[in-house]
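Beneath this line is the structure, given in structure tokens, with notes to follow.
In each ligand, atom 1 is the first atom listed, and ligand 1 is the first ligand listed.
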Amino acid sequence: MTTAESPLLLVDRADAVATLTLNRPAQFNALSEELLDELQRSLDALAADDDLRCVVLAAAGRAFCAGHDLKQMRARPDQEYYEQLFARCGRVMQSLVAFPVPVIAKVHGMATAAGCQLVASCDLAIAADSAKFAVSGINVGLFCSTPAVALTRSMPIKKAFEMLVTGRFIGSAEAVENGLINQAVPDGQLDAAVAALVQTICAKSPVAVRTGKAMYQRQRGMALDQAYEYAGGIMACNMMAADAAEGIDAFIEKRPPMWTGR
Ligand SMILES: C/C=C/C(=O)SCCNC(=O)CCNC(=O)[C@H](O)C(C)(C)COP(=O)(O)OP(=O)(O)OC[C@H]1O[C@@H](n2cnc3c(N)ncnc32)[C@H](O)[C@@H]1OP(=O)(O)O
């Protein structure tokens, strides 16, 4: 296991799994520009790692993430600065969506505004039962336009708008019901639940998971006919992969598959 630490983001690599931990606990992991830059740097570096199978996005302290850093933003009333800041944040969120292997949000405490955007931008999310989610910018005079982009791609549109326009907190059960997260687990079981999901994904063919993550995200923006054409091509490539031949042979021969990742 190797651990490289920065004050704002902890990057822990164990076997084929990387865990990124937001580490501004005293500020409820508010997304300062420096933290966004750290996230971007780490995601870019990890994206080039062909041995990686899964990423977990976690947080230190009492909260997952309280959104953009309101104090830092208020200190620089400059439209150009804000445009660059939100573009930077948008790049981080897009890097999560485009990341070559699944990214799992591990949520405890509060996830608000851009914190919800982070959760919605991950491929999968598991939260502690006591976690709470709100798009609370509206309480400070902000309609969370950039989080809306991620939320409307993760949740039913009326529910997302309700969250955006009311700032109301929802609990983990309501977040599961509305597709913001996959699973809510008792607080003491969050580590184990995330580890079990990681283990399940790592037990699958790496080539199927990587190909699948990329196609799943890409086809979402396509028209139906285009999506089927694209998916058919990807499926045909997948069928030609050594792992698919091995997986199907293993099924027929009633034995566990031995993946080679090709
Ligand atoms: C497109 C725009 C998107 C956006 O993301 S805009 C940002 C929107 N975010 C918010 O509106 C959330 C702001 N935060 C809160 O409303 C509350 O916090 C919570 C409900 C999340 C938690 O409340 P409680 O449990 O009472 O904690 P606490 O004392 O308010 O916060 C703990 C420390 O964390 C700092 N903090 C919390 N959120 C932010 C933030 N978003 N930016 C900067 N600092 C934040 C506080 O100030 C405080 O620190 P100190 O003890 O030094 O006062």
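Side-chain contact between V97 and C122 is absent, with no heavy atoms from C-beta onward closer than 4.5 Å.
For the side-chain hydrogen bond (donor to acceptor under 3.5 Å, both in side chains) condition, the pairs that include at least one residue of residues 103-120, sequence neighbours left out, are K106-D191.
When the side chains of ILVMFWY residues are joined at heavy-atom separations under 4.5 Å, either directly or via intervening members, V194 and V103 end up in two distinct hydrophobic clusters. Hydrophobic clustering (ILVMFWY, side-chain heavy atoms < 4.5 Å, transitive): I104 and L46 are in distinct clusters.
Using modelled atom types, one finds no donor on one side chain facing an acceptor on the other under 3.5 Å when comparing N238 with T211.
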Pairs under 3.5 Å, N/O atoms on ligand 1 and on the protein: can you put them in a table with the distances?
from	atom 1	to	atom 2	distance (Å)
ligand 1	5 (O)	H68	N	2.8
ligand 1	5 (O)	A114	N	3.2
ligand 1	9 (N)	A66	O	3.1
ligand 1	11 (O)	S136	OG	3.4
ligand 1	34 (O)	A26	O	3.4
ligand 1	41 (N)	A66	O	3.0
ligand 1	41 (N)	H68	O	2.9
ligand 1	42 (N)	L70	N	2.9
ligand 1	47 (O)	K71	NZ	2.8

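Under the 30°/60° scheme for interplanar angles, the aromatic rings of F161 and F143 are found to be tilted.
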